[in-house]
Structures are given as C-alpha cells and as structure tokens.
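Reminder, nothing fancy here: chain letters follow the sequence lines and each chain counts from 1.
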2 protein chains.
Amino acid sequence: MLTQQPRNGRAPSVKDVAAAAGVSLGTVSNVLNRPAVVSAATRERVERAMAELGFVRNESARQLRAGTSRALAYVMLDGGNPFFHDVAEGIETAAEDADLSLFVCNSSGRSEREAKHLDRLLQQRVQGILITPVDPDAPHLADLAQRGLPFVMVDRFSRAGGHCSVAVDDVLGGRIAVEHLIDRGHRRVAFVGGPASIGQVRERLQGARAVWAEFGMPEEDLIHLPTEALTVNEGRSAGERLAGLPSRRRPTAAFCANDLLALGLLQHAVTAGLRVPDDLAIVGFDDIDFAAAAAVPLTSVRQPRQELGRTAARLVLDEATNPAHVHEQATFVPALVARASTGTVRR
Amino acid sequence: MLTQQPRNGRAPSVKDVAAAAGVSLGTVSNVLNRPAVVSAATRERVERAMAELGFVRNESARQLRAGTSRALAYVMLDGGNPFFHDVAEGIETAAEDADLSLFVCNSSGRSEREAKHLDRLLQQRVQGILITPVDPDAPHLADLAQRGLPFVMVDRFSRAGGHCSVAVDDVLGGRIAVEHLIDRGHRRVAFVGGPASIGQVRERLQGARAVWAEFGMPEEDLIHLPTEALTVNEGRSAGERLAGLPSRRRPTAAFCANDLLALGLLQHAVTAGLRVPDDLAIVGFDDIDFAAAAAVPLTSVRQPRQELGRTAARLVLDEATNPAHVHEQATFVPALVARASTGTVRR
DNA sequence: CACGCCGCTTGAAACATTTCAATCCCACCC
DNA sequence: GGGTGGGATTGAAATGTTTCAAGCGGCGTG
C-alpha cells in the first residue's frame, strides 16, 4: 500500500526512509535486520515510513556488502523433459527452507549455453551451483571446483570427483526393469537408448545385460536399438526399426532408457496396430507424470525426483556453510512401478 | 585457466587486477567496458592479469552502480505444464538477444508463492517482469504497475489495463475447435474444462457456444463437463463422468480446454475400451509436444508458444527502454492442428 | 618556441546496504 | 548529587564497480 509515487524514477533507499522517519540510516537498517534492538515507537515510525514510500531493499547493495548472494542455481540439462522440472521443484523446496532464491537455468543439452549460464552465475556470486551437465568432465566444471564454489552434480557422476553428486543407481535400475520383463515371460527383449556417451544409458544397459546373463538368457536375445537422443521422436524411430526386424528376431518387449523414448515407442506401436502389452510390452525410466498419463499407462523405473533435488540442495548448502564438509556421492535406489504397458504374463 | 588460488576466500576485484597489472583501477574498468580507448599494450597486460587471477566481474557491484540489473523475469503459472516451458524458451531467446539474463520462477498456481517471487524480483531490481498470473486482478500486480516497473501479462488479460499483454484469441480458438468437430460430423459434443474463474476457460467455451449456435445446433447438445483444474487427473475424471451419461445424451466428441485434460480423457477412453476417434473424438488446446506424442496423436488448437514469449519479451523491453512506449494488447491467431484423435468423418 | 590538441591514464565520487564502535540519554543506586 | 549501567541511536567505514572530469605527455602546427 504505497501512497507516494516514486519520485524521479529512483527507488527510495534506506536514506530516504531515515529522513522520512526522522532517524539515522543505521536505525532503519536495525529495523530491518535486528528489530529487537530498536524501541517499539521508533520501529513503528520507521515501518510506517517504509510503507508510505514503498521501500524495497536493494538486493545488490546487500550482496555487495555481504560478499555473497542469497541464492542457489540449478542448471538443468533439458527443460523439455519433465523429469528435470520435478528435480528443480525438489531443489526449490529446500532452497525455500533455507530462505534462499533459486535460479533455474536450462542448457538444452548445449555445452556453450551451459558455459554461458555458469559464467553468469559466477558473476552473480551464487552460493552454490547444482547442475546436470552436458558433459560431466567438461573443463568449465573443473574450473568451478578450483574456484572453491560449492557445486553438486545431479543425476550424473564424474570420474574426477572433488564434489558431491546425487543420482540413482542406474545399473540397478536396468536390472529391475529387465528382471521384471523376464518375470513376465519375455525371452527376447530390446534395449532402446543412446547415445553411449551418456553415462546413464551405458549403466542402464549394463544392468540389463547383467541380469539377462544371470538368468542364463542368450546374449543375442537382448537387442540394443541405439538412439541419437532421449526424445519422443527417437523413440518413434526406434519403433520403426523394431517393427522392421524379421519376426523370429523381433522382441516381445522393450526397455527404454527413459520415458520420452518409451512414449515415442508406444505411439509407434499403437499406430502400427500392435497391442501393448500383448504384442509388445514397454518399460520406461524416470516415471515422469506423463508415463502414468499415457493411453496405455507405462511401467517405469521410478527415480525419487524431488528427493534427488532436495538432497542435492542439502549437500550444496552443507558445502557452502560447513567447513568440515566432506564430499558425498548420494545414491538412491530406483523402484519399479508396474502398470498396464507390461500388464500380462506371457506364456 | 586460472593459475592462482583465490587467496583468503575473497574473489579478486578490479583493484587486485589493477595492482597485478600495474595500472589504475579505472583502466581495468576501461578494458572491460571500453576496450577501444585503452592502448593495446596496456590492454593485453590487464587481460593477462585478469586471466591469471581468475577475475570475474561482481554483478552486484555493477548493478548497484548502474541502478538496475541486467535481467528479466518470467513468473510462470504451472511449471508442470510444458506449455509454459515453451513460452519461457521464447522469452529466453529474446532476452539473450538483448544480452539480458532471465530468471524463471514458478508460482505453481499459488498466489502467495507468486507474491513471494514478485517481492524477490523487486528486490533484485529486474528490468521487467513477464507473468502468467494466478489472478490477473490480484492487488500485488497493480502494485507493480504503480511502481512503474515494466511488466507484461502472458496468456492472460486483466480488466484493469495499464500494461501490455500477449495472448491468443481464445474465443476464436474455441470456435475453430468446435467448427472442426461439426465438420467431422459430430452433433453432440462435450466441452471439458474449468474452473470458470479462469478467463481462458470461459472464452474458449464462449467461442464453442457461439459457433455451435451459428450452425443451428440445439444448445443442450453442447454439454459442459466442468473440471476443477486443467490437469491430466481432471481429464480422467471427466472421462468417467462422460462414460456415465445415458447413451442417448453421450457426446461423440470432446473439446478440452487444454491438452493435459485431453490426455487424461484420452487415457480414460482407451482403458474403457472406447476407440478414438471412432467412438469418441478429442480436441485439445495448446498443442504441447506431448499432444503430438500421444498414442493416438491429439488434434489440438495450436498457440504460437515461443512466439508468445518472444513478443512478450519485446514488449517489456520496449517499455523498459522506450520513453514513448504505449501499452499494447498483442493477440495471436490460434490454428487447428488436425491429427488422428479426430481423424474420421462421422456419418 | 609556445600553444593546443589528442590519446591514454588516473583518481575520486557515487551507488545502497550492513556493521560496529562510539555516543547519548535516562534511570537507578549509592 | 555524582556515578554507573544499559538500552537506544548514531556516524563512519567498507563492499566492487562505473563514470567522468582532470591530468599527463608527446607531437604537430603556427
């Protein structure tokens, strides 16, 4: 409820408030930061002046004086994938609890955009950075560490170490997905995913292969259908390749490296007249909301998305504030969520 | 490539760079801001010093001096809806062109979170705010205007005026959706959407009713199935209510106020054994990527999502920099994207 | 030779806030 | 009445950057 217009475009400062309330500027600052120390009468006078002038603290001046901002940042890999949005929500709740702002950036999988964002965040003097990097071993990430800026890798690991990370056990995720399919009676299964440069993809495939071997299945019956990205489009195109296989080699089930691929594959299957799960069972990964919302609800390997974010935020805050901080690789256990897309046991 | 460790935790400042390069701090600033004015030899010396120290501009000090930050902000309504993410991308490209940062916030449909975000952004002294508000007539929005802070409403209008806005013609959107269904031979149609407090919903319904009447269809054959939100879940529950109608009243097609509802409805229809589009045709609104990715690709009313964002950013920048700025209500024309969910002509 | 100009560099001021030592004032106690 | 303690307030310093008027030299011109 501000009663005065901002005169001459400049926003009112503590100095203006002090003048209006007839106190020194130190007192105004005390009202803002240590209200207990100032007498009730004065405090009320100052508060009234602030309201009348429409005073708003200038965050840059605070920061300058404090030497650090009161913000965290999350640089996400793909804003188009709801998975990352959910992670961001987890981070935000934790940031809010610590009374910090969160800057959410999106690299869209492009390394140069990522670098640009990081540069900006460095200039902003954020307290810490959470990132799902395009390349976990990129030099600009090592730079961050050398600068002593707290940072945590989310949903990725780097060989280098020197920082915390938070992720799900992807090998295990691959295992439970494929074990579920074997349970359902499938003896020929496709793994849909790529490129191999993504650690996640490699590990999920590795888990799949491990459990496949443990059940004594012939190696050639776990068919890898590589994709160029983890997108709906690539899932569709994998579906075409799958349909093109000679029928004696055609899998009865597919395990997709993420849910977007699975949705694309599902779409292709349905338009091609395949019944899901009878003709083709599908398992995704991440368990985004759209997996449960698909026409044939998708079985998926759930990652605790929000929890991932919250933990990452906790770790970066610990690194920022606790001198005795030691780096930690937090690993979560994925869980299979069975839905209609793998609904029936195959004989 | 920084060769020195940051000593004593403080980041190096222009002063440190000046000392290292043996010049005054004004010269360092010149190198940063007006490189042409400083001699090549000096410039190189300074640049080397900056690289060695790992100097990074302190944005808060810049801001403090400049009186304004170099950032825009977008407060989105629902981060879980990909529509808003696409709008944000459009804004970001425009912000990047203007060499501004973009802060993306998410109110999650909660007014108090929105207010909190706005408060923070005010403290940050952002140059302008783009917002898809929870309530276009909320008092904290009027506050912004009174403060003289440039702001633009995205995908919403307010009665009050006093600011720019950018949106699609929702009445027209409703018209083309329903006209398409009439074209396809449907004579009993459901409108799925709510709550009525959302202007969009009202206008889309209004357009639907208008065209329905113009074609001389009986009013009672356009059935409104109200929902409590624009979510997948609500779409599902609308599907249940729809299936529960006596068959002589049951519509052969549904027009959903957005794509999330449509996806939920589609899911319910498929699990209930209805064929889409033969038993039930479905039209959504927004044309998010997941609409095209659905098992039965969804016909939808496309909004130029990125364009919306870019235009909004342009307007807010104009307001921020052009003293002769006049407020503008930019309206875009929606377009029907026909897909399989309304694929066949009904006889 | 003196003057002016030009290219480059400098130093100080300004931005808004927080902090902290110093001061002030009042009441209370001896 | 003087001293003391303590609560409330003050004023100055410090944060890192940008800007701008002023200074400095050297060179060319009259």
Dump the intermediate steps for salt bridge (charged side-chain N to carboxylate O under 4.0 Å, His left out) on B:Arg147 and B:Asp143, then the final yes or no. CA-CA 6 Å; B:Arg147 281 216 153 71; B:Asp143 247 37; 3.6 Å; yes

Could you go step by step and tell me if B:Phe157 and B:Thr331 meet the side-chain contact (heavy atoms from CB on, under 4.5 Å) rule? CA-CA 10 Å; B:Phe157 291 107; B:Thr331 305; 4.3 Å; yes

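Rounded to an integer number of Å, the gap from CZ of B:Arg57 to C1' of D:dT18 is 10 Å. B:Gln124 has its CD atom 15 Å from the C1' atom of C:dA16, to the nearest Å. As rounded to whole Å, 14 Å separates atom P of D:dT18 from atom NZ of B:Lys15. What separates CD of A:Glu59 from C1' of C:dC15 is a distance of 15 Å, to the nearest Å. Between the CG atom of B:Leu64 and the P atom of D:dT15 there is a distance of 14 Å, given to the nearest Å. Across the protein-nucleic acid pair, A:Asp16 atom CG and C:dC15 atom P stand 10 Å apart, rounded to whole Å. One atom, CD of B:Gln63, and another, P of C:dT17, lie 13 Å apart when rounded to the nearest Å. Atom-to-atom, CZ of B:Arg43 to P of C:dG7 comes out at 15 Å; the value is rounded to the nearest Å.
Classification of B:Arg305 and B:Glu89 as a salt-bridged pair fails, no side-chain N sitting under 4.0 Å from a carboxylate O. Salt bridge status for B:Arg48 with B:Glu44: present, with a side-chain N to carboxylate O gap under 4.0 Å.
Checking D:dT10, D:dT17, C:dT10 against every side-chain atom of B:Phe55, the shortest atom distance belongs to D:dT17. Checking C:dT18, D:dT10, C:dT10 against the side-chain heavy atoms of A:Leu32 singles out C:dT18 as nearest. With distances taken from any side-chain atom of A:Ser24 to the nucleotides D:dG11, D:dT17, C:dA16, the minimum falls on D:dG11.
Atom CD of A:Glu96 has more than 12 neighbouring heavy atoms from other residues, nucleotides or ligands inside a 6.0 Å radius.
Contact annotation: B:Ser39 side-chain N/O to C:dT9 OP1/OP2 distance is under 4.0 Å.
The side chain to side chain donor-acceptor pair (under 3.5 Å) test with B:Ser165 is passed by exactly one of B:Glu328, B:Arg156, B:Gln329: B:Gln329.
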At under 4.0 Å between heavy atoms, how does the protein contact nucleotides 19-26 of chain C? Give one character per nucleotide, 5' to 3', with B, S or -. B-------

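Both B:Val37 and B:Arg125 lie close to DNA chain C; mapped to their nearest nucleotides by heavy-atom distance, the more 5′-ward contact belongs to B:Val37.
Nucleic acid contact for A:Thr42: sugar-phosphate only, since backbone atoms but no base atoms lie under 4.0 Å from a heavy atom of the residue.
A distance of 10.5 Å separates CZ in B:Arg34 from OG1 in B:Thr27, rounded to the nearest 0.5 Å.
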